[in-house]
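What follows is a set of notes on a single structure, which appears directly below.
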Amino acid sequence: MPAQKSDSVKYTNMFKAYGAFWRRGFTEWAGTASRSEYWWNVLMNWLILIIGGLMMLFVAALLAPGGYGMWDAQQSWAIFCTVVAVAYVLLSLVPWISLTVRRLHDSGLSAIWLLILLSLLLFTIVFGSVMVVETSSPVIAGAFWMCASATMVLRTAFFVFSLLPTKVEDNPYHQFNK
């Protein structure tokens, strides 16, 4: 029996994939996302964050050699850039989760993997924050390193999952062309 054709869109242009990221990200949780759709968006989001960080460093370097009062301008710029970066990350969180769920479903995997990763990330952040305040507790430090290690293992697994081809036959999450 020949394999059926996937109905996931394969993007050959980063900007079209990025437009679909925002267009489909808030509304489409079912369906699939091709490898090209997923990886073009990963690349675009990283480029946006890197370019934003470089702009922040460039402007901070321009403000740094100044005399009196320039430190305030540098602090204000750093705060502004941080707020914009956090706002962008928070705004793109929902479309990223949607895209990741669709990518997992495209490769025939459950979205439970994403739930496990996000919960481990949350525990790592919580234990890391508590470690900053409570530095003398070896139990908290051990829990932090265990969560951080498990998160890194799961992130590596996610990298492999994102490279998997579309599973057309016996995919419980999507019936291709039926």
Side-chain angles (χ1 to χ4, degrees), residues 5-56 80-131 143-178:
K5 185 179 175 190
S6 166
D7 67 348
S8 59
V9 179
K10 292 175 178 50
Y11 289 94
T12 57
N13 182 331
M14 180 184 348
F15 299 106
K16 288 181 181 178
Y18 191 65
F21 172 75
W22 289 105
R23 189 175 52 255
R24 296 176 66 192
F26 292 102
T27 59
E28 290 187 33
W29 291 81
T32 61
S34 64
R35 287 184 283 188
S36 63
E37 181 179 1
Y38 181 81
W39 282 108
W40 278 129
N41 284 297
V42 168
L43 177 64
M44 187 66 152
N45 282 316
W46 275 105
L47 285 175
I48 287 170
L49 292 173
I50 289 170
I51 290 170
L54 290 174
M55 285 176 37
M56 182 175 127
F80 172 75
C81 287
T82 302
V83 167
V84 168
V86 168
Y88 176 78
V89 168
L90 290 176
L91 186 63
S92 64
L93 187 62
V94 171
W96 175 79
I97 291 172
S98 170
L99 178 65
T100 305
V101 166
R102 287 185 280 120
R103 179 70 205 125
L104 286 171
H105 286 177
D106 189 58
S107 57
L109 299 168
S110 172
I112 296 295
W113 286 102
L114 181 62
L115 183 63
I116 294 169
L117 176 67
L118 291 177
S119 62
L120 277 172
L121 283 172
L122 181 65
F123 284 133
T124 304
I125 291 168
V126 167
F127 286 128
S129 301
V130 171
M131 262 181 59
F144 169 75
W145 287 111
M146 281 179 35
C147 283
S149 300
T151 301
M152 288 307 296
V153 168
L154 199 56
R155 289 182 73 183
T156 304
F158 254 77
F159 176 72
V160 172
F161 292 164
S162 66
L163 295 175
L164 292 175
T166 298
K167 184 176 181 184
V168 176
E169 295 179 13
D170 299 326
N171 188 334
Y173 303 103
H174 192 69
Q175 302 299 318
F176 290 100
N177 299 327
K178 290 186 180 178

Can you list the steps and then say if Glu37 with Arg103 is a salt bridge (charged side-chain N to carboxylate O under 4.0 Å, His left out)?
CA-CA 9 Å; Glu37 181 179 1; Arg103 179 70 205 125; over 6 Å; no
Might you work through the side-chain contact (heavy atoms from CB on, under 4.5 Å) test for Leu118 and Ile97, ending with a clear yes or no?
CA-CA 10 Å; Leu118 291 177; Ile97 291 172; 4.1 Å; yes
Kindly indicate whether the side chain of Leu104, heavy atoms from C-beta on, has any atom under 4.5 Å from the side chain of Ile112.
no
Return yes when atom CZ of Phe15 has more than 12 non-hydrogen atoms of other residues, nucleotides or ligands closer than 6.0 Å, and no otherwise.
no
Can you tell me how far apart CZ (Phe158) and CG (Leu109) are? Round to the nearest 0.5 Å.
8.5 Å
Ser34 and Asp106 have their tightest heavy-atom pair at CA-OD2, 4.0 Å
State, with a plain yes or no, whether a side-chain heavy atom of Leu93 is found less than 4.5 Å away from one of Trp96.
yes
Indicate yes or no: at least one non-hydrogen side-chain atom of Pro165 is less than 4.5 angstrom from one of Arg35.
yes
Mind checking whether Tyr18 and Phe21 have parallel, tilted or perpendicular rings, split at 30° and 60°?
parallel
If a pair satisfies side chain to side chain donor-acceptor pair (under 3.5 Å) and one of its residues is in residues 39-53, list it, with sequence neighbours excluded.
Asn45-Tyr88
Given 3.5 Å as the limit, does a donor-acceptor pair link the side chain of Ser98 with the main chain of Val94, or not?
no
Should Trp113 and Leu117 be marked as a side-chain contact (heavy atoms from CB on, under 4.5 Å) after you check the CA-CA gap, both sets of side-chain angles, and the distance that decides it?
CA-CA 6 Å; Trp113 286 102; Leu117 176 67; over 6 Å; no
Gap separating the CZ atom of Phe159 from the CG atom of Leu164, nearest 0.5 angstrom:
11.0 Å
For Leu43 and Met14, work out which heavy atoms get closest and say how close.
CD2-CE, 3.9 Å
